[in-house]
Amino acid sequence: MECTQQINESVLADCLQQRYWYDVCKGECVFEDVHKLSTDPGFEAKIYGKIFPILVIFVVVANILVALVLSKRHMVTPTNVVLKYMAIADLFVGLTPLPWTMFYFTFR
């Protein structure tokens, strides 16, 4: 489908200022929240408030156990050193969003 509409500069400027999408074919602003998981307002709270903390706790425990096992003297090889530090990095990646997510979706 080819659009033959002229771009309305004032509408385009308003759309960009409000951070909406500008539909060139229709010549109008379109608001679509592309970051929503579902149209159900409680769905995100269920996922991020209940499932995400459980998943993060599981990942933290698993990465701590992997790092502890790979830290044993008889387990020190070049490959295991890389795996140990990957587990430690993954541990920090898992812990970084936890406080904000717990506050926003669980405690409020």
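Note that CD1 of Ile51 is 7.5 Å distant from CD1 of Ile54, once rounded to the nearest 0.5 Å. For the atom pair Asn80 CG and His74 NE2, the distance stands at 9.5 Å (nearest 0.5 Å). Residue Ile47 holds its CD1 atom at 13.0 Å from OG1 of Thr101, rounded to the nearest 0.5 Å. Note that CD1 of Ile57 is 10.5 Å distant from CZ of Phe52, once rounded to the nearest 0.5 Å. A distance of 11.0 Å separates CE of Met86 from CG of Leu70, quoted to the nearest 0.5 Å.
Within the structure, side chain to side chain donor-acceptor pair (under 3.5 Å) pairs that include any residue of residues 61-71 comprise Asn63-Asp90 (at least two apart or interchain).
Hydrophobic clustering (ILVMFWY, side-chain heavy atoms < 4.5 Å, transitive): Leu68 and Val76 are in distinct clusters. In terms of hydrophobic clustering, with Ile, Leu, Val, Met, Phe, Trp and Tyr side chains grouped at heavy-atom distances under 4.5 Å, Leu91 and Val56 are assigned to a common cluster. Residues Leu55 and Phe92 do not share a hydrophobic cluster, defined by chaining ILVMFWY side chains whose heavy atoms lie under 4.5 Å apart.
Residues Pro53 and Tyr48 come closest through the heavy atom pair CD-O, 3.3 Å. Considering every non-hydrogen atom in both Ile88 and Ala67, the closest pair reads CG1-CB, 4.1 Å. Taking each heavy atom of Ala87 and Val66 in turn, the nearest pair found is CB-CG1, 3.8 Å.
Leu65 meets the side chain to side chain contact (heavy atoms under 4.5 Å, CB included) test with Val61; sequence neighbours excluded.
Side-chain atoms of Val60 and Leu95, non-hydrogen and from C-beta on, do get closer than 4.5 Å to each other.
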